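Input: a single structure, listed below in structure tokens.
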Protein chains: 2
Amino acid sequence: MTAADALDLRLDENVKPWNRDGMAQYSDAHRPLYEVKANLFKGLAHPVRVRVLEVLSASPTVSVTDLLADTGLEASNLSQHLSVLRRHNLVVAERRASQVFYRLAYPEVADLLSVSRSLLVKILERTQQQLVSTVNLPDISMQRDSEIAPVTR
Amino acid sequence: MTAADALDLRLDENVKPWNRDGMAQYSDAHRPLYEVKANLFKGLAHPVRVRVLEVLSASPTVSVTDLLADTGLEASNLSQHLSVLRRHNLVVAERRASQVFYRLAYPEVADLLSVSRSLLVKILERTQQQLVSTVNLPDISMQRDSEIAPVTR
DNA sequence: TAATGGATTGATAAATTCATCATATCGCAA
DNA sequence: TTGCGATATGATGAATTTATCAATCCATTA
């Protein structure tokens, strides 16, 4: 299963990012959709990468230099995350003079982030509300001790 | 960073899934949004979990028994993935007699999957189109040998 | 052309995730 | 209350991901 992911054809192993933008990286076409989707989510499953995509959702293109300043990361660390984002075809790199600029490969990437935010708001709303009610229910009434109240329902 | 994820307060460690549905699991509220988002994507970053969510997007509630039949997984394996989905507040479990039924915790979960599908369609469209043009360009013309063609541009 | 800043790649150890097997729990029926 | 089907949990090794450090690559300037 994870072995399947490792089978991705990398046709462009030794082509520099800025000459490779958007090139077919994964032989996704023949795989079941849920595998391809899971793979997409893997690409998004790291705070740094989400952060980068959020920055790129706000400004059309951003240089690595700026990303470094924004995130305070070590260059090679950021670079590896950018590499992951590229492999997943989520961003595109372009070299201008001595700097490299990144942008979202598709505006739909921003949509995905925005929909995920909506979902998170829902989740946090409800869970926080539950936290509050769990904590507040034994309001001024007697509460045996500082033990965490069991869920009642 | 991953250490931060491990700090999640699990208030309900020993509460059974069907008594715990939707209870606040993670102390997400105080974390930067990009961490929470990345965490959400982590929950989605496995083919089995995506599959389960897709099934649940189609039918309002599904029993574990049915999921087992659908996926052909080993019971304990599926169970662990369901556990992950629960921890991320993506699904809710409910016991009816001897069986356990799952459903999406929020309809927005289905939205997220659907938006991600749209993005994937875009990506696959373009990358496949590029594959085709890469392979087809040297049509009947001379091609040195079976070496992988370097990207030209 | 040598030196330098900007960025990527490679190697590696630590942390995390995953599949599997064994064990435990829950509800129900015998 | 014993046994059983349905699920969940625990433990563990293998695979994967990640942060860090060293080395490399590319474009520009000295």
Side-chain angles (χ1 to χ4, degrees), chain A residues 1-8 10 12-21 35 38-39 41-50 52 62-69 71-88 91 93-102, chain B residues 1-8 10 12-21 35 38-39 41-50 52 62-69 71-88 91 93-102:
Chain A
M1 174 155 310
T2 41
D5 278 51
L7 284 180
D8 305 318
R10 313 218 171 163
D12 53 343
E13 285 262 271
N14 41 16
V15 179
K16 288 291 166 188
W18 35 90
N19 293 326
R20 192 209 296 161
D21 69 279
E35 277 194 16
N39 200 42
F41 290 131
K42 263 196 204 168
L44 298 165
H46 192 289
V48 168
R49 296 197 290 272
V50 171
V52 167
V62 179
S63 68
V64 173
T65 302
D66 286 349
L67 285 174
L68 279 172
T71 61
L73 290 173
E74 208 187 327
S76 85
N77 192 5
L78 174 59
S79 209
Q80 304 213 64
H81 285 295
L82 290 174
S83 162
V84 172
L85 291 175
R86 266 185 271 123
R87 266 198 291 121
H88 285 269
V91 301
E94 180 190 1
R95 175 149 226 153
R96 290 187 212 156
S98 64
Q99 281 188 302
V100 177
F101 291 78
Y102 280 82
Chain B
M1 173 156 312
T2 42
D5 278 50
L7 285 180
D8 306 318
R10 310 214 174 165
D12 52 342
E13 285 263 89
N14 41 15
V15 178
K16 287 292 167 188
W18 35 90
N19 295 324
R20 193 209 297 161
D21 69 280
E35 278 193 16
N39 201 43
F41 290 131
K42 265 196 201 168
L44 298 165
H46 192 288
V48 168
R49 297 198 288 272
V50 171
V52 167
V62 180
S63 69
V64 173
T65 303
D66 287 348
L67 285 174
L68 279 173
T71 60
L73 290 172
E74 208 186 329
S76 87
N77 192 5
L78 174 59
S79 209
Q80 303 214 61
H81 284 295
L82 290 174
S83 162
V84 173
L85 291 175
R86 264 186 271 121
R87 266 197 292 120
H88 286 270
V91 302
E94 180 189 0
R95 175 149 226 153
R96 290 185 212 158
S98 65
Q99 283 190 303
V100 177
F101 291 77
Y102 280 83

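Small disclaimer: the values here were computed from a predicted structure and weren't measured.
Contact check, B/His46 against C/dA19: a side-chain N or O comes under 4.0 Å of OP1 or OP2. Between A/His81 and the phosphate of D/dA19, there is a side-chain N or O to OP1/OP2 separation shorter than 4.0 Å.
Judged by distance alone, with hydrogens and angles left aside, the side-chain atoms of A/Arg86 form no donor-acceptor pair with the main-chain N or O of A/His88 at under 3.5 Å. For A/Arg49 (side chain) and B/Ala38 (main-chain N/O), no donor-acceptor pair under 3.5 Å exists by modelled atom type.
To the nearest angstrom, C1' of C/dA7 lies 16 Å from CZ of A/Arg96. Rounded to whole angstrom, the span from the CG atom of A/Leu82 across to the P atom of C/dT9 amounts to 10 Å. Separating the CG atom of B/Asn77 from the P atom of C/dT17 is a distance of 15 Å, rounded to the nearest angstrom.
At the heavy-atom level, B/Ser98 lies under 4.0 Å from the strands shown only through sugar-phosphate atoms. Among the heavy atoms of the strands lying under 4.0 Å from A/Ala75 is at least one base atom, whether or not backbone atoms are also near.
Between B/His81 and B/Val52, every side-chain heavy-atom pair lies at or beyond the 4.5 Å cut-off.
Two residues, A/Phe101 and A/Gln80, neighbour DNA chain C, and the one matched to the more 5' nucleotide by heavy-atom proximity is A/Phe101.
Of the candidates C/dA22, C/dT17, D/dT7, the closest approach to any side-chain atom of B/Ser63 belongs to D/dT7.
Applying the side-chain contact (heavy atoms from CB on, under 4.5 Å) criterion to A/Ser76, with sequence neighbours excluded, gives A/Glu74.
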